[in-house]
2 protein chains.
Amino acid sequence: MKRKVTLKQIAKELDVSISTVSKALRNSVEISEDTKQKVQAFAKLYNYKPNNIALSLKNRKTNTIGIIIPEIVHHFFSKVIRGVELVANQRGYNVIIGLSNESFAKEVINMEMLANGSIDGFIISLSKETLQLQDYHHFNETINQGMPIVMFDRVVNEIQCDKVIVDDFEGAKNAVEKLIKNECKHIALITTKDYVSVGRLRTQGYLEALKTHGQDLKAELILKLDDNVDYEVNLDALEKEIEQLFKSNSKIDGIFAVNELYALTAMRVAGRLGFRVPDDIQVIGFTDGVLSKHSTPSLSTVSQHAQLMGEKAAGLLIDKLENDHEDETYQTQIIASELIERESTK
Amino acid sequence: MKRKVTLKQIAKELDVSISTVSKALRNSVEISEDTKQKVQAFAKLYNYKPNNIALSLKNRKTNTIGIIIPEIVHHFFSKVIRGVELVANQRGYNVIIGLSNESFAKEVINMEMLANGSIDGFIISLSKETLQLQDYHHFNETINQGMPIVMFDRVVNEIQCDKVIVDDFEGAKNAVEKLIKNECKHIALITTKDYVSVGRLRTQGYLEALKTHGQDLKAELILKLDDNVDYEVNLDALEKEIEQLFKSNSKIDGIFAVNELYALTAMRVAGRLGFRVPDDIQVIGFTDGVLSKHSTPSLSTVSQHAQLMGEKAAGLLIDKLENDHEDETYQTQIIASELIERESTK
DNA sequence: TTGTAGGCGTTATCAT
DNA sequence: ATGATAACGCCTACAA
């Protein structure tokens, strides 16, 4: 077992100084052809590669970016990671991941762990708990220490940094307008409580669409669910809630749901109650998930272009990292959402 | 903007030496209570945290593990990552990801990038291209340099290292036996070409089950698909292949498919051809995916316990990293698969 | 053309 | 009780 070879070892073997080796390997004109040959041949033979850690310490630059997300077993987030990784790799960066698991404490710990020199900058989507607590001190501290942050999707005004978001408001509005155009007169909304920023914006889009098209807002058509309940493991509860919605509003002919699970469950419950999708009820969800495409009927959705978000976020971060003149201006890039029509709408 | 504070700066401010500060912060008995108080208070005030990179260089240990996988937008792999991250974090490690995107070249590049000091060890699942080329030099080189590797799921005998696999053979055999017990007489197999190790093992499990129960092996019941075609974006092609299978064997009453997509597509095609699942045809897939649970009818599957695989892999790796006495013995942990019965079987 | 020295931030060993 | 020094691996300004 041959350990990784260092400059020092090469220098010793060839009986020259460390700096000669270093220069020879970087093809410096200071070094004679002869020595260069010798050194380079030896280095190649022993497969010399500079030690990243030493370089990081010397250059005070790790060429690594940290991404903190609430959950990884989730299509949206894994697509974002793919985008981040793609751009990061192209530009010579590694990606280190931290999962907050929707917990404020884990988010803080993860960030502190990485902020101590391990990475050059963060890409982050806030945990639900952080959104509820509205405690953003760890972000501001990180930024104050000169470490740039790019936030995506779940962002918040209180933090001054670059952001990448999807146009939740417009996306929702378009979706609901589509339903209106398809002659839905009683469009229900299945959303989350307002502290989840994206849920709030999508709700606003729904309201705006109704208003624009002169449809009355009926409170009983709006179902606000507690996003802290894990309905994925507690499907029955979700179904009950939605069933309730249908029962108290027999005229519902359209549904806009702010995520995939709500939308699919709504379709299922509708089917069970004897409604036909899309004939009796049309449904649109808001998601990048796989289930929509494979469900029967397949679900029309507002796509968030998750991978693109990741690419943009990585691009913004690396631009900032590589721009010396500390740009103290922050931008928010808005990714256009896209309505993908499938079988659940006419 | 206050940059991260270092020992040096604290020493300067308090007019003591760097080593005094270092010792004081680690509560060394060598240092007077007085000085300790002063130093610790100051450190706390300026939120001093040791620089990870400097520690890594000094200790020749990064406390970071690298995970190289073919794809991240995939339930199985993201669950594995979650498991790895969970254990890694518990034991004080970070996780850095590299995506091979099923490409041999990217796998090699990613590994070389990380092997130069950035991490202490690897967790890897081979890319399809690597499996085809059967070129494993990069793994052996890494191992030779003293960097431990743990492989999971897509493993290969040629590489000597710890491994975590699911019992593909047994899992497949059990699934097919379930179909046999449910009185299927003509069980089709939808699988991949043999170079994908897991595909091969699952195929063998199918064959074994038939043999054990005295069912004849009929070549026309086996559909071997080219796993290089991305059927996810080319669903039509997949449907055609499967339709062909049905058409040439009108008596098929059971299907075992080695992944989720094949199984779901088979169900859909079966439905379209007028068969009813599970009454006319029973179907079992092999996967940890979400689609199975949410499809109609929901799909019975062999679960791989992906997260557990990740946890085990991380545990094995960290054990090896923290055991000085270079254990030159390697173990292969086999995770028991589990047949999850849903609506696609009786 | 080659080598020396200093520094990135930390800790450990060995003086004082 | 405190401090100087060396080392981890690398690079580079400056000597020789």
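Protein chains get the first letters and strands the later ones, always in sequence-line order, with residue 1 at the start of each.
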Separation of C:dT2 atom C1' from A:Lys36 atom NZ, nearest Å, is 13 Å

Identify whether any heavy atom of A:Ser56 sits under 4.0 Å from a base atom; if not, whether one sits that close to sugar-phosphate; answer base, sugar-phosphate or nothing.
nothing

Nucleic acid footprint by protein, nucleotides 10-16 of chain C - heavy-atom cut-off 4.0 Å, B for base, S for sugar-phosphate alone:
BBBBB--

Whole angstroms only, please: what is the CG-C1' distance between B:Asn27 and D:dT2?
16 Å

Rounding to an integer number of Å, can you tell me how far A:Ile31 CD1 sits from D:dT12 C1'?
12 Å

Donor-acceptor pair, distance only, cut-off 3.5 Å: does the side chain of A:Asn52 make one with the backbone of B:Leu114?
no

Under 4.0 Å, counting only non-hydrogen atoms across every strand here, what does B:Val39 touch: a base, just sugar-phosphate, or nothing?
nothing

Taking CD1 from A:Ile10 and C1' from D:dC11, how many angstroms apart are they, rounded to a whole number?
15 Å

Under 3.5 Å, side chain of B:Lys163 to main-chain N/O of B:Val156, donor-acceptor pair present?
yes

A:Thr20 side chain, from C-beta outward: closest of D:dG9, C:dG3, D:dG3
C:dG3

Are A:Arg60 and C:dG9 close enough that a side-chain N or O sits under 4.0 Å from OP1 or OP2?
yes

If you look at every heavy atom in A:Asp153 and A:Met309, which pair is closest and at what distance?
N-CE, 3.6 Å

For A:Asp34, does the CG atom have more than 12 heavy-atom neighbours from other residues, nucleotides or ligands under 6.0 Å away?
no

Between the side chains of A:Glu13 and A:Gln9, does any donor sit under 3.5 Å from an acceptor?
no

Rounding to an integer number of Å, can you tell me how far A:Gln37 CD sits from C:dT2 P?
13 Å

What is the separation between atom CG on A:Asn52 and atom P on D:dC11, rounded to the nearest whole Å?
11 Å

Can you check the B:Leu14 CG to D:dT2 P distance for me, whole Å?
12 Å

Rounded to the nearest Å, what distance is computed from the CD atom of residue B:Glu33 to the C1' atom of nucleotide D:dT2?
15 Å

Mind checking whether A:Asp162 and A:Leu317 have side chains closer than 4.5 Å, heavy atoms only?
no

Please check if atom OH in A:Tyr46 has more than 12 non-hydrogen atoms from other residues, nucleotides or ligands closer than 6.0 Å.
no

